[in-house]
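A quick write-up on the structure given underneath.
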Amino acid sequence: MTPVETPPPPGPRPAPADTLLARVPRPLRRLARPGAAALSGFLLYASFPPRPLWWLAPLAFALLGWVLHGRRLRAGLGLGYLAGLGFLLPLLSWTGEEVGPFPWLALAAVEALFIAVACMGIAAVTRLPAWPLWGAAAWIAGEALRARVPFGGFPWGKIAFGQADGVFLPLAALGGTPLLGFAVVLCGFGLYETLRRSLAFRRTGLLPRAAATAALLSLLAPIAAAFASLPLVDDSAEDGTATVAAIQGNVPRLGLDFNAQRRAVLDNHAHRTEQLAKDVAEGKVPQPDFVLWPENSSDLDPYRNPDARAVIDKAVKAIGVPTVVGAVVSPETGKLRNTLIEWEPGRGPVDTYDKRHVQPFGEYIPLRSIVRIFSEDVDRVRRDFGPGQKVGVFDLAGAKVGLVTCYEAAFDDAARDTVVHGAQLISVPSNNATFGRSEMTYQQLAMDRVRAVEHGRSVVVPVTSGVSAVIMPDGEVVQRTEMFTPDALVAEVPLRSSLTPATWLGVWPEAALLLAAAGGVGWVAADALKARRREHSDG
């Protein structure tokens with residue numbers, strides 16, 4: 001395409017960013033890009049809840065685009081690692097809440113490697129036309145890999161999970177978390193490329209039309225697509241409504257040792273349910289159709305402990321409706337099970353769901369003998385939990401309720417599987433007491449809000465210590481509790497059975513972005529190979 005030539009503007013010509021950087025003293029110049037890389041990561045962290053600063057994410061990627069543009073692969077890897085540490089070190093600080101800094105630092109250091117590899121790919125594709133497209137796809141490829149390996153993956157910190165309050169959120173209903181994250185990254189890279197082209201035009205008076213158009217589209221198309229997706233976000237009651245109660249019983253003490261007071265935790269949830277029954281009888285709150293307890297609300301196995309069974313049975317009979325109880329089930333042999341039990345008044349347990357994505361180094365310890373060298377806290381997990389195999393959907397008073405236990409909310413397949421299997425609303429029973437008053441519970445609540453929009457379902461989040469919440473299918477939180485306060489939420493929520501495009505498409509949007517990333521990197525590799533062959537032939 002022939003560039004459009006215009007006379008340069010009168011007066012001094014502004015220098016592009018790299019020329020301005022050349023005026024900085026050499027020692028500081030060497031620190032500029034590494035410092036900017038770490039800053040871009042920190043801006044990403046700052047864009048996540050509990051701060052409503054979602055708009056910092058595109059700015060962070062604009063800065064990262066400057067850091068990586070035109071860099072060699074090795075530089076992209078190193079700069080990407082700094083960006084990863086700047087992002088994940090503060091984001092995951094809650095993982096060291098009770099076990100000290102080593103697990104936190106080790107986790108952040110390992111997970112930042114995936115960001116480093118993604119940034120190496122981004123640095124490579126900045127040589128291509130319309131590079132923001134290929135670069136954003138490369139970032140999502142890194143997230144996809146991080147969500148699967150090692151030990152089943154760790155999707156925490158996907159860019160989509162920081163966008164629960166943002167304008168891009170409707171894209172979750174169109175293509176799930178991969179498309180939502182891709183749009184944010186593309187917008188950021190498009191912002192940088194637009195600024196870069198504008199500076200070059202002011203300096204040279206040359207404006208390649210194709211490149212300028214690609215830059216503007218990268219910046220504006222994600223925003224336009226988000227607004228175009230708004231009709232997909234629907235909170236209408238397609239199948240009527242259900243009145244649901246979420247119990248937050250609270251825990252006697254913060255930290256890992258709250259499990260030592262297992263009976264107290266169970267009693268708290270039973271007493272709060274009985275109090276709810278009194279409130280219903282006095283007309284203070286409506287009668288719920290069913291009740292949801294949190295994960296680990298009974299760490300005493302009710303199948304083997306008659307006292308625990310009696311306490312649960314008494315509370316369920318008091319409220320008089322089906323109740324989902326989170327329990328630790330300990331068979332005589334084999335691994336423990338993190339189980340949700342459907343408990344019917346007068347009948348007892350009638351159905352179960354075993355958590356499928358169990359948490360490595362939390363619910364089970366891989367490489368135990370090696371990890372023990374670095375932290376004796378691994379021995380607090382004396383018996384590993386094992387994963388369940390079936391999708392959890394309970395029929396509670398005629399409503400199909402999908403079950404996604406705590407950590408599972410970070411995995412794309414967990415919520416989707418329940419909806420595909422007929423869930424009309426989703427419950428995410430959780431236990432965050434181990435992580436104290438850290439940001440972890442707010443980060444997880446944001447995930448639940450994204451899942452609500454992604455699948456067009458209400459999401460009810462009962463948590464042992466908070467924050468418990470009721471979320472509408474449009475992502476709005478209509479009720480929530482305070483942390484470490486006994487409470488009960490009662491709300492009427494819509495039941496829905498239609499499938500969003502994101503639910504229907506499943507992994508295909510992510511697969512398409514992975515192919516785009518591979519295509520971009522392959523294009524760069526092919527060009528490099530051709531250039532090398534030309535050099536050999538010329539020599």
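The nearest pair of heavy atoms linking Val460 to Pro462 is O-CD, 3.4 Å. Counting all heavy atoms, side chain and backbone alike, Val391 lies closest to His421 at CG2-CE1, 3.8 Å. Considering every non-hydrogen atom in both Gly157 and Glu143, the closest pair reads O-OE2, 4.3 Å. Listed here is the closest heavy atom pair of Thr194 and Ala215: OG1-O, 3.3 Å. For Leu232 against Ala173, the heavy-atom pair with the smallest separation is CB-CB, 3.9 Å. What you find for Ala423 and Gly402 is that their closest heavy atoms are CB-N, 3.5 Å.
Within the 3.5 Å criterion, the main-chain N or O of Gly475 finds a donor-acceptor partner in the side chain of Arg449. Between the side chain of Glu408 and the backbone N or O of Lys355, no donor-acceptor pair lies under 3.5 Å. Of the possible donor and acceptor atoms, none in the side chain of Glu510 sits under 3.5 Å from a partner among the backbone N and O of Val507. Checking side-chain atoms of Glu238 against main-chain N and O of Ser498 turns up a donor-acceptor pair under 3.5 Å. When atom types are taken as modelled, the side chain of Arg197 and the backbone of Ala211 share no donor-acceptor pair closer than 3.5 angstrom. Judged by distance alone, the side chain of Ser468 and the main-chain N or O of Thr481 form no donor-acceptor pair under 3.5 Å. Here the side chain of Trp104 pairs a donor or acceptor atom with the backbone of Leu89 at under 3.5 angstrom. Under the 3.5 Å distance criterion, the side-chain polar atoms of Glu193 are left unmatched by any main-chain donor or acceptor of Gly65. At least one donor-acceptor pair under 3.5 Å links the side chain of Arg127 to the backbone N or O of Ala124. Glu454 places no side-chain N or O within 3.5 Å of a backbone atom of Gly176 that could act as its donor or acceptor partner.
Between Leu128 and Val524 there is a side-chain heavy-atom pair separated by less than 4.5 Å. Between Leu79 and Cys119 the shortest side-chain heavy-atom distance does not fall below 4.5 Å. Contact of the Asp417 side chain with the Arg356 side chain is registered, since non-hydrogen atoms from C-beta on lie closer than 4.5 Å. His357 is listed as a side-chain neighbour of Asp413, based on a closest heavy-atom distance under 4.5 Å. Within the 4.5 Å cutoff, no side-chain heavy atoms of Val467 are placed close to those of Val463. At least one side-chain heavy atom of Pro360 sits under 4.5 Å from a side-chain heavy atom of Tyr407. The shortest side-chain heavy-atom distance between Ile140 and Leu514 does not fall under the 4.5 Å cut-off. Side-chain contact between Met472 and Val493: present, with at least one pair of heavy atoms (C-beta onward) separated by less than 4.5 Å.
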- Start with the C-alpha distance between Ser465 and Met483, add both sets of side-chain angles, then the distance that settles side chain to side chain contact (heavy atoms under 4.5 Å, CB included), and finish with yes or no. CA-CA 6 Å; Ser465 56; Met483 294 185 72; 5.7 Å; no
- side chain to side chain contact (heavy atoms under 4.5 Å, CB included) between Ile115 and Leu88, worked out: CA-CA 10 Å; Ile115 293 178; Leu88 295 175; 4.0 Å; yes
- Message: Working note: Ile122 + Phe61, criterion side chain to side chain contact (heavy atoms under 4.5 Å, CB included); need CA distance, chi angles, decisive distance, verdict.
- Response: CA-CA 11 Å; Ile122 294 168; Phe61 282 106; over 6 Å; no
- Message: Walk me through whether Asp239 and Lys400 qualify under salt bridge (charged side-chain N to carboxylate O under 4.0 Å, His left out).
- Response: CA-CA 11 Å; Asp239 305 321; Lys400 301 290 187 181; over 6 Å; no
- Stepwise side chain to side chain contact (heavy atoms under 4.5 Å, CB included) check, Phe182 with Leu180: CA-CA 5 Å; Phe182 172 77; Leu180 173 54; over 6 Å; no
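A salt bridge does not link Arg457 to Asp448: none of the charged side-chain nitrogens sits closer than 4.0 Å to a carboxylate oxygen. In this structure, Arg146 pairs ionically with Glu111, as a charged nitrogen and a carboxylate oxygen lie closer than 4.0 Å. A salt bridge links Asp412 with Lys158: at least one charged nitrogen is closer than 4.0 Å to a carboxylate oxygen.
Relative to the ring axis of Trp504, Arg416 does not place its NZ or CZ within 45° and under 6.0 Å from the centre. Arg51 forms a cation-pi arrangement with Tyr45, by the criterion of a distance under 6.0 Å to the ring centre and an angle within 45° of the ring axis.
Ring centroids of Trp139 and Phe189 are separated by 6.0 Å or more, keeping the two rings apart.
Ring orientation note: the planes of Trp94 and Trp156 are tilted relative to one another, at an angle of 30° to 60°. Taking the six-membered ring where the residue is Trp, Phe168 and Trp54 present perpendicular rings, their angle passing 60° and hence far from 30°.
Glu492 and Thr241 share a side-chain donor-acceptor pair at under 3.5 Å. In summary, the side chains of Ser430 and Asn432 do not present any donor paired with an acceptor at a separation below 3.5 Å, with no hydrogens or angles considered.
Contacts classified as ring-ring contact (aromatic ring centres under 6.0 Å, His included) and involving residues 446-472 (residues at least two apart or in different chains) are not found.
Once rounded to the nearest 0.5 Å, the distance linking CG of Leu85 with CG of Leu91 reads 12.5 Å. Within the model, atoms SG of Cys187 and CG of Leu219 stand 5.0 Å from one another, a figure rounded to the nearest 0.5 Å. Atom-to-atom distance recorded for Thr405:OG1 and Asn431:CG is 11.5 Å, nearest 0.5 angstrom. Distance check, rounded to the nearest 0.5 Å: CG of Leu113 to CG of Leu77 gives 8.0 Å. The CG atom of Leu105 sits 8.0 Å away from the OG1 atom of Thr95 when rounded to the nearest 0.5 Å. In this structure, CZ on Phe161 lies 10.5 Å from CD on Gln444, to the nearest 0.5 angstrom.
Atom CZ of Phe227 has 12 or fewer neighbouring heavy atoms from other residues, nucleotides or ligands inside a 6.0 Å radius.
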